[in-house]
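Working notes for the structure below.
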Amino acid sequence: MIVISGSASPKLSAKVADLLGAELVSAEVRRFPDGEIYVRVDAELRRKPVAVIQSTCPPQNDNLIELLLLLDAAKDLGAKRIIAVVPYLAYSRQDKRFKPGEAISLRTVSKLISQSGAEELITVDIHQEETLGNFSIPAFNQSAMPLIGRYLRGLNLKNPLIIGADQGSIKRATKVALELGAEHYFLEKRRISPENVVVYPKNLEVQGRDVVMVDDIVSTGGTIIGAAKILQEQGARDVYVACAHPVLAGNAAQRLREAGIKQIIATDTIEKDVSVVSVAPLIAELLK
Ligand code: R5P
C-alpha cells in the first residue's frame, strides 16, 4: 500500500505509513497566483492500493478541494484501490434540514468524495454515525474515545466523572468512561446561534471530583465553556476537556484556558498542540 499525505495531515500520515510499513508519498501542493490549488503526485501508483490521508479541517474548503484533487490524481495514475482517509470530515454537522431551503451540506460533500475516484472512505468520530449512509461508496467510522480513555488513565484523576457535553455525546462519554471504569452523565444544551449555546444545569455530584467533558468537536468552545461554568459552580475540582477534533476556531483555546479548563485533550485528526492522542493505530488497523 502507498500512503499519500495531504497537506493537512502530514504527521498522522507518516505515523500510519510507519505502522503499515507502507511507502509515504507527500504530494506537491501549490497555489496558482489567483489562489487556485495545484496538486501533483509524483509516484508509481499503477495497480497499487493507495490511501489518501487528508483532514478537511480549517481551511475546510481548501483542504476539501485538495483531497478531491489528490484522489483524482491517484485515479489518473492507475491506482488499484483508492481509500480516502478523512480523519476530520468537515460539514458533518450540517446533516439535516432544520428550515426550508437549508443545504444539507454533508450530502453534497459525500457526493463529491464518492465521485472523486475514492472507492472507500474512512473517518474518525463522525458527528452522527448513521449519516455515513450519504456516501455511495463503503464508508467506515472509528471512534477515538477508547484511546482517549486510555490516555486519561495515565492522568490519575481524582474520583473522575465523565460528562457528555450534550445528548449527542452520551455514546462518546460512555466509551471513555468504560476505559476508565468511571461514572458518566450528560448535559443538555440548546444552540441559539453558531456562536451561542445555553447549557442547562443538572445537579451532579461533582464536589471535589475531577470532571472530564467529552465532545466530538470543540469549535468555538461555547458548549464546553457553558458546561464548565456549571460544573465549577457545583464544586468540581479540575475540569478537563476531551475531544476527537480540536477545531478550536479563532481564540477558542484562549477562551477555554480563561474559563479555567485544566487541559484540552484531543487527537491528531486535526494536528494541533493539544493533539496528545494519535488515531494512527485506528486508521492503520482499518487499512490493514
Ligand atoms: C455539536 O452538536 C457538536 O457535537 C459539538 O458540541 C459542537 O460542535 C461544539 O461546538 P462549539 O465548541 O462551537 O460549542
Side-chain angles (χ1 to χ4, degrees), residues 55-60 63-64 86-99 102-107 109 123-132 134 141-145 148 162-177 184-202 211-232 239-267 269-270 272-275 277 279:
S55 254
T56 51
C57 51
Q60 295 88 337
N63 285 331
L64 176 63
V86 190
Y88 171 66
L89 183 64
Y91 293 102
S92 61
R93 285 173 292 176
Q94 291 173 52
D95 57 3
K96 298 181 198 65
R97 184 177 292 128
F98 292 99
K99 293 183 203 146
E102 278 182 349
I104 305 175
S105 313
L106 176 63
R107 191 173 60 185
V109 168
T123 189
V124 177
D125 279 294
I126 189 167
H127 185 56
Q128 302 270 4
E129 190 144 0
E130 54 274 23
T131 60
L132 287 175
N134 282 292
N141 178 58
Q142 273 285 18
S143 177
M145 294 301 142
I148 288 181
I162 310 301
I163 300 199
D166 55 21
Q167 273 188 310
S169 279
I170 302 175
K171 272 195 203 159
R172 294 181 224 283
T174 312
K175 285 181 186 148
V176 173
H184 65 280
Y185 292 97
F186 68 96
L187 292 172
E188 280 169 57
K189 81 167 182 209
R190 192 159 69 88
R191 186 170 287 280
I192 298 164
S193 69
E195 299 79 26
N196 293 303
V197 287
V198 177
V199 181
Y200 295 101
K202 276 189 179 175
V211 177
V212 184
M213 306 276 321
V214 174
D215 213 341
D216 54 339
I217 300 167
V218 177
S219 180
T220 64
T223 304
I224 295 296
I225 291 168
K229 192 160 178 278
I230 291 168
L231 298 167
Q232 286 155 346
V239 179
Y240 294 76
V241 179
C243 69
H245 312 297
V247 172
L248 299 175
N251 62 349
Q254 189 190 335
R255 289 178 62 222
L256 286 163
R257 272 194 303 274
E258 285 168 7
I261 299 298
K262 174 93 174 168
Q263 189 186 341
I264 306 169
I265 295 140
T267 79
T269 60
I270 302 177
K272 294 255 167 99
D273 293 350
V274 294
S275 306
V277 175
V279 296

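For ligands, and for the atoms within them, numbers begin at 1 and follow the listed sequence.
A distance-only check finds no donor-acceptor pair linking the side chain of R172 to the backbone of D215 [under 3.5 Å].
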Quick check on ligand 1: any N or O pairs to the protein under 3.5 Å? One line per pair.
residue: ligand 1; atom: 4 (O); partner: D215; partner atom: OD1; Å: 3.1
residue: ligand 1; atom: 4 (O); partner: D216; partner atom: OD1; Å: 2.6
residue: ligand 1; atom: 6 (O); partner: K189; partner atom: NZ; Å: 2.9
residue: ligand 1; atom: 6 (O); partner: D215; partner atom: OD1; Å: 3.3
residue: ligand 1; atom: 6 (O); partner: D215; partner atom: OD2; Å: 2.6
residue: ligand 1; atom: 8 (O); partner: R93; partner atom: NH1; Å: 2.7
residue: ligand 1; atom: 10 (O); partner: R191; partner atom: NH2; Å: 3.3
residue: ligand 1; atom: 12 (O); partner: S219; partner atom: N; Å: 2.8
residue: ligand 1; atom: 12 (O); partner: T220; partner atom: N; Å: 3.2
residue: ligand 1; atom: 12 (O); partner: G221; partner atom: N; Å: 2.8
residue: ligand 1; atom: 13 (O); partner: T220; partner atom: N; Å: 2.8
residue: ligand 1; atom: 13 (O); partner: T220; partner atom: OG1; Å: 2.5
residue: ligand 1; atom: 14 (O); partner: R191; partner atom: NH2; Å: 3.2
residue: ligand 1; atom: 14 (O); partner: T223; partner atom: N; Å: 2.9
residue: ligand 1; atom: 14 (O); partner: T223; partner atom: OG1; Å: 2.5

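Contact check for L132 versus T123: side-chain heavy atoms found under the 4.5 Å cut-off. Residues V109 and L89 meet the side-chain proximity criterion, which asks for heavy atoms closer than 4.5 Å. Contact annotation: the side chain of R93 approaches that of S219 to within less than 4.5 Å [non-hydrogen atoms, C-beta and beyond].
Of the inter-residue distances, the one linking C243 atom SG with I270 atom CD1 reads 8.0 Å to the nearest 0.5 angstrom.
Taking S275 as the reference, P246, D268, K272 meet the side chain to side chain contact (heavy atoms under 4.5 Å, CB included) condition, with sequence neighbours excluded.
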